[in-house]
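Encoded as structure tokens, the structure appears first; notes follow it.
This one's a predicted model, so the numbers in the text were calculated from it and none came from an experiment.
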Amino acid sequence: MSEFWLISAPGDKENLQALERMNSVTSKSNLSHNTKFAIPDFKVGTLDSLVGLSDELGKLDTFAESKMGGVVLPASTPRLTGSFFSPQSLIKRMAQSVVEVMEDSKGKVHENLLANGVDLTSFVTHFEWDMAKYPAKQPLVSVVDTLAKQLAQIETDLKSRTAAYSVLKANLENLEKKSTGNLFTRTLSDIVSKEDFVLDSEYLITLLVIVPKSSYVQWQKTYESLSDMVVPRSTKLIAEDNEGGLFTVTLFRKVIEDFKVKAKENKFIVREFYYDEKEIKREREEMTRLLSDKKQQYGPLLRWLKVNFSEAFIAWIHIKALRVFVESVLRYGLPVNFQAVLLQPHKKSATKRLREVLNSVFRHLDEVAAASILDASVEIPGLQLSNQDYFPYVYFHIDLSLLD
């Protein structure tokens, strides 16, 4: 499974034994694979600052601003653009952008969605705090500020880079659609040639007529007599699709309208097209230019997405680590002493049983929270949370299903 549960419990002897018991039960029951999740010792600051950071980290992590009731960010924190923002939503958008740029299967895409050069599961299960990028000796608010600014910049760049590529791709797709439709709608610049037409004649003109396949014989027998002044033996089949063929016919200009009417009566449709060499050349050059521009932008954009996807994902997991630290201090108190563990449930069907095991092992940490898990009617005093949001232990969810 691409799902992880990041939990923590106090690090005293009793709870370390509880963690060992949890590891033993989950291993024997084949419920989850568990690994320690290393979190450095940060500067704690005041409890008031931790409460504020808890809210801010929650917004950075998973919540849309609308869900947070329009909470105003601290003055030191950059305003995150868009109607909503979270690292998870950002990396999902970046993953989707890789899909759109590569125009390939998800299997190939996953090969390009890496963090520090390794697959996402390996990065999470072997997580190490990046001291160089996010110094643990700095105040926590500075670390959070660095992460927020980094993610905001990536999102800004993502919008501008993908917008330009999307416009280019859309223009190219529109031209390609014109060349792949049926004979009634598609462009004819890649079908016709100068030799198919009588050009620069004061009296004669060549028309293009769409004839159903079932009427080819009828066309050959009747086209010369559909109107006066049709040039004999002037028809030629120049293109076909599943429904019919595109024929040329040459006639005098003065009988064009009469010929169109008679052709329509026989279910032959005159395609409105007049050979313009300059326009055809312009259309072909536009297609060549767009293909060249797309090829030139493809490599740099994909490289940027790969690098910055990695950066955004790494930042997101660092935010998870910060949330565990802050919530553990707020929940378990000072001095800082807790153990974080990463659980990877083996299968979806095991998650209920896994939750029961955790509840049983750690219910002593918060009897009310433990009871509320079993009884939805129990309210947790002082918390605006449902029993689905709060557990006796600190808990955060990590979902790596970015392309679902």
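Side-chain contact between Ile91 and Trp316: present, with at least one pair of heavy atoms (C-beta onward) separated by less than 4.5 Å. Looking at Thr35 and Phe127, their side chains never come closer than 4.5 Å, going by heavy atoms from C-beta outward. Proximity of Trp304 to Leu158: side-chain heavy atoms (C-beta onward) are separated by under 4.5 Å at one or more points. Contact annotation: the side chain of Leu343 approaches that of Met22 to within less than 4.5 Å [non-hydrogen atoms, C-beta and beyond]. Using a 4.5 Å heavy-atom cutoff, the side chains of Phe309 and Val98 are not in contact. Side-chain contact between Ile238 and Leu208 is present, with at least one heavy-atom pair separated by less than 4.5 Å.
Considering Val394, Leu19, Leu365, Asn337 as possible partners of Pro10, the one that fulfils the side-chain contact (heavy atoms from CB on, under 4.5 Å) test is Leu365.
Ring geometry for Tyr203 against Phe252 counts as tilted: the plane angle lies between 30° and 60°, on a 0 to 90° scale.
Ion pairing of Asp55 with Lys59 is absent here, as no side-chain N (NZ or NE/NH1/NH2) approaches a carboxylate O to less than 4.0 Å. A salt bridge links Glu286 with Arg289: the distance from a Lys NZ or Arg NE/NH1/NH2 to an Asp or Glu carboxylate oxygen falls below 4.0 Å. The pair Glu103-Lys294 counts as a salt bridge, with a side-chain nitrogen and a carboxylate oxygen less than 4.0 angstrom apart. A salt bridge between Arg284 and Asp190 is absent, with no side-chain N of the basic residue lying under 4.0 Å from a carboxylate O of the acidic one. Remark: Lys262 does not engage Glu265 in a salt bridge, criterion side-chain N to carboxylate O under 4.0 Å.
Distance check: Leu207 CG to Phe273 CZ gives 11.5 Å after rounding to the nearest 0.5 Å. His318 NE2 to Ile314 CD1: the interatomic distance, rounded to the nearest 0.5 Å, is 7.5 Å. Summarising the geometry, atom CG belonging to Leu305 is positioned 8.5 Å from atom CZ belonging to Arg161; distances are rounded to the nearest 0.5 Å. The CZ atom of Arg186 lies 7.0 Å from the CG atom of Leu183; values are rounded to the nearest 0.5 Å. Rounding to the nearest 0.5 Å places CD1 of Ile205 at 4.0 Å from CD1 of Ile256. Expressed to the nearest 0.5 Å, how far CG of Asp157 lies from CD1 of Ile154 amounts to 8.0 Å.
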Item to check | Worked verdict on Val249 versus Trp219 for side-chain contact (heavy atoms from CB on, under 4.5 Å) | outcome: CA-CA 11 Å; Val249 61; Trp219 166 257; 4.1 Å; yes
Next on the checklist: Checking Arg353 against Val357 for the side-chain contact (heavy atoms from CB on, under 4.5 Å) test, could you report, in this order, the C-alpha distance in whole Å, the side-chain angles of both residues, the deciding distance, and whether it holds?
Outcome noted: CA-CA 6 Å; Arg353 173 60 182 150; Val357 168; 3.7 Å; yes
Item to check | Full working for side-chain contact (heavy atoms from CB on, under 4.5 Å) between Lys295 and Leu291 | outcome: CA-CA 6 Å; Lys295 186 176 180 180; Leu291 285 169; over 6 Å; no
Next on the checklist: ring-ring contact (aromatic ring centres under 6.0 Å, His included) for Phe325 and Trp129? Distances and angles first, verdict last.
Outcome noted: CA-CA 12 Å; Phe325 178 87; Trp129 186 271; 9.3 Å; no
Checklist entry - Do Asp196 and Ser193 pass the side chain to side chain donor-acceptor pair (under 3.5 Å) test, and can you show the C-alpha distance, the side-chain angles, and the key distance before you say yes or no? => result CA-CA 6 Å; Asp196 296 323; Ser193 64; 3.3 Å; yes
Item to check | From CA spacing to verdict: side-chain contact (heavy atoms from CB on, under 4.5 Å), Val198, Val231 | outcome: CA-CA 11 Å; Val198 173; Val231 177; over 6 Å; no
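Judged by distance alone, the side chains of Glu283 and Thr187 do bring a donor and an acceptor atom under 3.5 Å apart. Counting only N and O atoms by type, the side chains of Ser97 and Thr162 include no donor and acceptor under 3.5 Å apart. A side-chain donor-acceptor contact under 3.5 Å links Asn15 and His364. Side chains of Asn23 and Asn34: a donor-acceptor N/O pair is present below 3.5 angstrom, by distance only. Looking at Ser54 and Glu327, their side chains do bring a donor and an acceptor atom within 3.5 Å of each other. A donor-acceptor contact under 3.5 angstrom links the side chains of Asn182 and Thr185, judged on distance only.
In this structure a side-chain-to-backbone donor-acceptor pair under 3.5 Å is missing from Ser310 to Lys306. Between the Ser29 side chain and the Val25 main chain, a donor and an acceptor come within less than 3.5 Å of each other. Of the possible polar contacts, one joining the Thr46 side chain to the Ser49 backbone as a donor-acceptor pair under 3.5 Å is found. A donor-acceptor contact shorter than 3.5 Å is absent between the side chain of Ser292 and the backbone of Thr288. Between the side chain of Asp61 and the backbone N or O of Leu57 there is no donor-acceptor pair closer than 3.5 Å. In this structure a side-chain-to-backbone donor-acceptor pair under 3.5 Å is present from Asp119 to Thr121. Checking side-chain atoms of Thr235 against main-chain N and O of Thr248 turns up a donor-acceptor pair under 3.5 Å. With hydrogens and angles ignored, the 3.5 Å screen pairs a side-chain donor or acceptor of Ser179 with a backbone N or O of Glu176. Arg253 contributes a side-chain N or O that, together with a main-chain N or O of Ser201, makes up a donor-acceptor pair within less than 3.5 Å. In terms of modelled atom types and a separation under 3.5 Å, the side chain of Tyr216 and the main chain of Gly245 share a donor-acceptor contact.
Across all their heavy atoms, Ala315 and Gln150 have their closest contact at CB-OE1, 4.0 Å. Residues Leu342 and Thr125 come closest through the heavy atom pair CD2-CA, 3.8 Å. Counting all heavy atoms, side chain and backbone alike, Ala18 lies closest to Val361 at O-CG1, 3.2 Å. Nearest heavy-atom pair across Asp258 and Leu226 is OD2-O, 4.4 Å. Across Arg355 and Tyr393, no two heavy atoms sit closer than the pair NH1-OH, 2.8 Å. Minimum interatomic distance between His346 and Ser32 (heavy atoms only, all atoms of both residues): NE2-C, 3.5 Å.
Heavy-atom contacts from other residues, nucleotides or ligands closer than 6.0 Å to NZ of Lys36 number 12 or fewer. By the neighbour-count criterion of 12 heavy atoms within 6.0 Å, atom NZ of Lys177 is sparsely surrounded, having that number or fewer from other residues, nucleotides or ligands. Atom CG of Asn174 has more than 12 neighbouring heavy atoms from other residues, nucleotides or ligands inside a 6.0 Å radius. A 6.0 Å sphere centred on NZ of Lys137 holds no more than 12 heavy atoms belonging to other residues, nucleotides or ligands. Other residues, nucleotides and ligands place more than 12 heavy atoms under 6.0 Å from the NZ atom of Lys260.
A ring-centre distance under 6.0 Å is not found for Phe391 and Trp5. Separation of the Tyr274 and Phe197 ring centroids does not fall under the 6.0 Å cut-off. Ring centroids of Phe338 and Tyr332 are separated by 6.0 Å or more, keeping the two rings apart.
Considering only residues two or more places apart in sequence or on other chains, Lys278 meets the side chain to side chain contact (heavy atoms under 4.5 Å, CB included) condition with Asp276.
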